[in-house]
Amino acid sequence: MNVARWTFAGLFLALSVSIQAADPNAIYAKGGTNPAAMACATCHGAEGEGLAAAGFPRLAGLSADYMKKQLMDFASGQRANPIMQPIAAALSPEEVDAVTTMLASKPGPKVERISRAAVAEEVGAVIALRGAWERNIPECVACHGPSGVGVGKAFPPLVGQSAQYLSSQLIAWQQGTRKNDPNDLMGHIARSLTHDEIKAVSEYFANLTETGAGR
Amino acid sequence: MNARTSALLLFALALPAHADNIAMEDQTQILTDAVNPASRQYFQPPKLSELPDNAFGKLVQEGRAIFVDTKTYAPEYVGNGLACGNCHLEQGRQANSAPLWAAYAMYPAYRKKNDKVNSYAERLQGCFQFSMNGKAPDATGPVIAALTAYSYWLATGAPIGQELPGRAYPEVAKPKGGFDLAQGEKIYAAQCAVCHGKSGEGQTSGEEYVFPALWGADSFNWGAGMHRINTAAGFIKANMPFGKGGTLSDEDAWHVAAFMNSHERPQDPRLVEGSVEKTRDKYHANDGVSLYGETVNGQILGKGF
């Protein structure tokens with residue numbers, strides 16, 4: 001009995017050691033244990049700031065829970081992406097925990113907070129701050145927070161991302177390759193936006209920031 | 001007696017008889033003629049781009065700012081985490097979300113029930129004291145002036161004294177077997193918690209609420225119209241889940257409204273002699289469906305905080 005308990009404890013210790021052994025900075029800069037888990041930094045930038053020109057998203061300052069969910073969704077195909085699918089599938093749960101926690105602790109983009117009280121004139125600002133309710137499109141900031149800074153673990157920031165990345169995601173929802181949002185809360189909105197609105201609202205959020213991939 | 005003093009006298013008369021600091025004691029349900037909202041064309045309020053660039057336009061914009069971000073623009077009158085626009089969607093423009101364009105031209109409103117006439121200013125004051133769990137701004141002060149201007153402008157071209165389709169919240173038929181709190185809890189977890197939080201606490205970004213609290217100290221109080229299950233069911237049916245209004249069945253809207261309103265929230269500011277029972281008898285017993293003063297899960301609701 002006692003022996004069994006001690007072996008158990010030993011096993012547990014070994015396990016928790018291996019959890020701690022997942023070094024987030026090493027995974028991020030050099031890749032995971034499985035070689036298919038390529039170094040994140042190559043595409044997401046040395047500090048997780050993203051690569052605007054290529055449409056690779058910023059990860060610094062995003063919620064760890066949100067990123068964990070995205071990695072699961074890439075692996076399962078709920079969010080279909082040929083680049084991230086094999087990478088997400090090759091990361092162990094411990095590696096996912098470690099790297100997302102590390103990235104979440106980095107600072108997000110600094111931005112002036114613009115709420116719905118602000119005046120909105122251009123198409124992008126109108127969609128962001130007023131919505132288009134006749135098509136059931138609410139103000140983006142009502143869910144993504146003032147200036148799209150993100151809210152909690154389910155609503156990612158829009159500010160800090162490049163216009164190219166933002167519009168690629170809205171188009172992915174329209175085309176059905178991204179269908180991982182809870183209760184289609186985002187999907188129905190993306191599907192109702194016109195091409196011009198997608199372009200304008202993506203530029204609106206991308207241009208709000210002073211730092212990061214949005215510039 | 002000059003015009004000014006008689007106006008003042010009139011104003012004094014309009015103050016509630018038993019002189020608490022309650023501006024508009026009557027928070028009973030607004031009765032509308034039940035129409036099928038889908039079958040009607042709604043009134044179209046003017047666009048903000050049409051707003052004139054003058055002193056009037058400026059006042060309207062001030063009113064709009066107070067309405068959508070009440071805590072920033074009228075902080076001294078707000079006692080919870082809400083903004084007017086949280087319950088009157090699309091900045092007070094959305095039909096079936098108690099839009100301001102349908103409200104403005106219906107005041108002063110006569111209530112047979114207590115043989116009183118309530119002005120628009122009093123209605124606005126009432127919302128501050130109950131829905132916002134705060135203090136009534138002065139009826140002749142800048143906050144009420146700005147909100148009135150915003151409402152007046154939204155109602156441009158609306159007929160006076162005529163009930164427009166889309167006013168208030170729709171009537172939703174009560175489920176045949178009554179409401180079911182356990183069912184409501186399930187719907188809440190599946191459809192609402194992602195935004196409003198596991199315990200109805202809402203979600204903030206920095207100091208500001210993005211998703212408002214549905215119950216608890218930062219939500220509307222026991223005197224607010226939204227605490228009535230029937231009123232909440234109407235709001236929820238038409239407006240929630242946010243962006244997907246009209247997707248819940250009538251029954252589900254009732255179950256989840258009842259679940260929401262089976263939790264503690266700030267006290268009814270009209271509290272009679274410190275007694276929940278007396279307050280229930282006076283204000284709640286004959287006004288829609290409410291759990292104020294009822295026992296749920298072994299707890300009497302209505303204690304406040």
Side-chain angles (χ1 to χ4, degrees), chain A residues 61 63 65-66 69 108-123 125-127 129-159 173 180-193, chain B residues 42 44-45 47-49 51 53 57-58 61-74 83-86 89-97 99 189-198 201-212 239-248:
Chain A
S63 136
D65 284 308
Y66 170 77
K69 175 179 173 290
K110 294 245 178 304
V111 66
E112 186 198 346
R113 294 165 78 90
I114 302 172
S115 79
R116 287 184 276 185
V119 173
E121 274 158 6
E122 312 297 328
V123 179
V126 169
I127 294 290
L129 302 172
R130 305 282 182 273
W133 277 94
E134 67 287 358
R135 285 174 283 148
N136 270 330
I137 300 172
E139 313 84 331
C140 314
V141 298
C143 286
H144 289 280
S147 290
V149 293
V151 184
K153 54 190 183 189
F155 302 90
L158 303 179
V159 63
W173 264 299
N180 64 330
D181 52 325
N183 298 337
D184 195 35
L185 285 173
M186 184 61 224
H188 83 90
I189 296 171
R191 290 192 299 276
S192 301
L193 289 167
Chain B
Y42 295 120
Q44 292 297 317
K47 296 192 179 72
L48 273 166
S49 55
L51 193 62
D53 183 14
K58 202 167 152 265
Q61 284 286 16
E62 276 168 30
R64 189 184 64 80
I66 294 169
F67 197 78
V68 300
D69 192 355
T70 321
K71 214 156 185 149
T72 303
Y73 295 95
C84 310
N86 290 157
L89 266 58
E90 200 192 351
Q91 317 209 333
R93 306 171 71 97
Q94 183 80 208
N96 301 310
S97 192
Q191 298 276 355
C192 322
V194 64
C195 296
H196 292 289
K198 276 205 180 68
E201 72 279 20
Q203 293 194 66
T204 54
S205 161
E207 306 269 278
E208 292 161 65
Y209 275 94
V210 174
F211 300 115
N239 300 291
M240 292 291 140
F242 190 65
K244 291 175 65 181
T247 58
L248 293 178

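Naming convention: chains lettered A, B, ... in sequence-line order (proteins, then strands); numbering from 1 in each chain. Basis for what follows: all heavy atoms, side chains included, without hydrogens, waters or symmetry-related copies.
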In terms of heavy-atom proximity below 4.5 Å to chain A, should [X] be classed as side chain, backbone, both, or neither?
X        : answer
B/Ser49  : neither
B/Ile66  : neither
B/Thr204 : backbone
B/Ala190 : backbone
B/Val68  : side chain

Side chain from CB out, backbone as N, CA, C, O: work out which of these in [X] comes under 4.5 Å of a heavy atom of chain B, or both, or neither.
X        : value
A/Ala118 : backbone
A/Val126 : neither
A/Val149 : side chain

In terms of heavy-atom pairs under 4.5 Å, which option from [options] contacts chain B the most?
options                                : answer
A/Glu134, A/Arg113, A/Glu139, A/His144 : A/Arg113
A/Asp184, A/Val119, A/Asn183, A/Val141 : A/Asn183
A/Gly145, A/Ala142, A/Gly131           : A/Ala142

* Taking the six-membered ring for Trp, are the ring centroids of B/Phe242 and B/Phe211 within less than 6.0 Å of each other? -> no

* Sequence-distant partners of A/Ser192, side chain to side chain contact (heavy atoms under 4.5 Å, CB included), two or more places apart -> A/Ile137

